*Asks:* 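Would you mind keeping the following structure in view while I ask a few things?
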Amino acid sequence: MTDSGVPEAAPAGTRRPGGRTARTRAAVRDAVLTGLTEHGYPGLTVEYVAEHSGVHKTTLYRRWGGLEGMVADALDMAGEDDWTPPDTGSLEGDLRALARQVVDSFADPARAAAPTAFVAAAFQSPQAATALRDFYTVRFTRCEAVLARAVARGEAAPDVDAGAVVRAVSAPLFLRLFVTREPVDKTTADQSAAAVLAAVRAGAYTLGTD
């Protein structure tokens, strides 16, 4: 798991919770992440997962139903960590740190391979798409603590839409990464954070009323 909560390949032998079932699930998860990193979603096969996890193909099909189920479960496990958003002491610093974490997660092509493959899988598999959406829903919900602290410090209005703010920070970066295929760096991260901060101060992100 990267600092921003984006799934990445786990070193062999890591994250093995107790119990045979849990160990099997973790082994499959590691094999899926490694396979996505090496081959991408189109090149990932049940045979690959079976070979690298040590779990028989019949067990994989019986428990996960196929690759879609294994990819979705890998994302579910990725969301079970204790990652929390940065706390720099100011809204400006927190937003900048969040944006920079996204950039850092994709700066190294090898490190970015697995999360990029997850996004690609979401375009090809409805089950993976649902899992990816759920994964980021959890991440964004955790990030709402950034706005709660800002409200307490008087840096944001009490009716600020925290969910909209934290999504807006990463949205331009993901556009460049996955739509226009442009590079991202700390400058683009800081620009995104600054634009969102200005919008918050201007009252652009307020909760709608019926």
Side-chain angles (χ1 to χ4, degrees), residues 1-11 14-15 33-34 36-38 40-41 74-75 78-79 81-123 132-157 160-206:
M1 183 67 56
T2 64
D3 290 339
S4 62
V6 180
E8 65 176 353
T14 64
R15 204 173 190 276
L33 288 176
T34 301
L36 287 173
T37 300
E38 294 180 353
Y41 184 72
L75 272 167
D81 70 346
D82 58 358
W83 178 86
T84 57
D87 184 0
T88 66
S90 72
L91 179 59
E92 180 178 8
D94 288 351
L95 295 179
R96 185 184 299 116
L98 281 172
R100 287 189 175 192
Q101 283 185 0
V102 173
V103 170
D104 289 344
S105 297
F106 291 93
D108 179 3
R111 189 183 187 193
T116 299
F118 270 121
V119 174
F123 282 95
L132 187 67
R133 182 168 57 251
D134 291 344
F135 172 85
Y136 276 109
T137 295
V138 172
R139 286 298 179 274
F140 290 137
T141 298
R142 294 183 191 182
C143 288
E144 290 179 10
V146 168
L147 276 302
R149 294 193 296 261
V151 170
R153 291 190 296 258
E155 296 177 295
V160 65
D161 188 339
V165 172
V166 297
R167 285 169 171 79
V169 173
S170 57
L173 303 174
F174 283 125
L175 171 70
R176 294 173 71 98
L177 286 165
F178 298 114
V179 178
T180 61
R181 306 297 291 175
E182 297 174 86
V184 295
D185 53 24
K186 289 185 177 179
T187 297
T188 53
D190 292 351
Q191 288 173 344
S192 178
V196 173
L197 179 65
V200 170
R201 289 172 172 171
Y205 294 106
T206 57

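In this text, all values refer to a predicted model and were calculated from it rather than measured experimentally.
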*Asks:* Between Glu92 and Ser90, is there a side-chain donor-acceptor contact under 3.5 Å, judged purely by atom types and distance?
*Replies:* no
*Asks:* Would you call Leu98 and Pro86 a side-chain contact if the rule is heavy atoms closer than 4.5 Å?
*Replies:* yes
*Asks:* Between Arg100 and Asp190 (salt bridge meaning N to carboxylate O under 4.0 Å), is one present in this structure?
*Replies:* yes
*Asks:* If I compare all heavy atoms of Ala117 with all of Gly40, which pair ends up nearest, and what's the gap?
*Replies:* CB-CA, 4.2 Å
*Asks:* Quick one: OG1 on Thr141 to OH on Tyr136, what's the gap to the nearest 0.5 Å?
*Replies:* 14.0 Å
*Asks:* Is any side-chain heavy atom of Val200 closer than 4.5 Å to a side-chain heavy atom of Val196?
*Replies:* yes
*Asks:* Would a distance-only check, ignoring hydrogens and angles, find a side-chain to backbone donor-acceptor pair under 3.5 Å from Thr116 to Ala113?
*Replies:* no
*Asks:* Is there a donor-acceptor pair closer than 3.5 Å between any side-chain N or O of Thr188 and the backbone N or O of Val184?
*Replies:* no
*Asks:* Centres of the Phe106 and Phe178 rings: under 6.0 Å?
*Replies:* yes
*Asks:* Do Val165 and Val160 come close enough that some side-chain heavy atom pair is under 4.5 Å?
*Replies:* yes
*Asks:* Between atom CD of Gln101 and atom CZ of Arg96, what is the distance when rounded to the nearest 0.5 Å?
*Replies:* 13.5 Å
*Asks:* If you define the side chain from C-beta out and look only at heavy atoms, does anything of Asp161 sit under 4.5 Å from Thr206?
*Replies:* no
*Asks:* Is there a side-chain contact between Phe174 and Val179 (heavy atoms, below 4.5 Å)?
*Replies:* no
*Asks:* Of the non-hydrogen atoms in Phe135 and Leu75, which two are nearest, and what is the gap between them?
*Replies:* CD1-O, 3.8 Å
*Asks:* Are any of the side-chain heavy atoms of Asp94 and Arg149 separated by less than 4.5 Å?
*Replies:* yes
*Asks:* Answer yes or no: is there a side-chain heavy-atom contact under 4.5 Å between Leu91 and Val146?
*Replies:* yes
*Asks:* To check you understand the geometry: which heavy-atom pair defines the closest contact between Ala189 and Ala99, and what is its length?
*Replies:* O-CB, 3.4 Å
*Asks:* Do you know which two heavy atoms are closest between Ala97 and Thr88, and how far apart they sit?
*Replies:* CB-CG2, 4.3 Å
*Asks:* With no hydrogens and no angle check, is any side-chain donor or acceptor of Glu182 less than 3.5 Å from a backbone partner on Arg176?
*Replies:* no
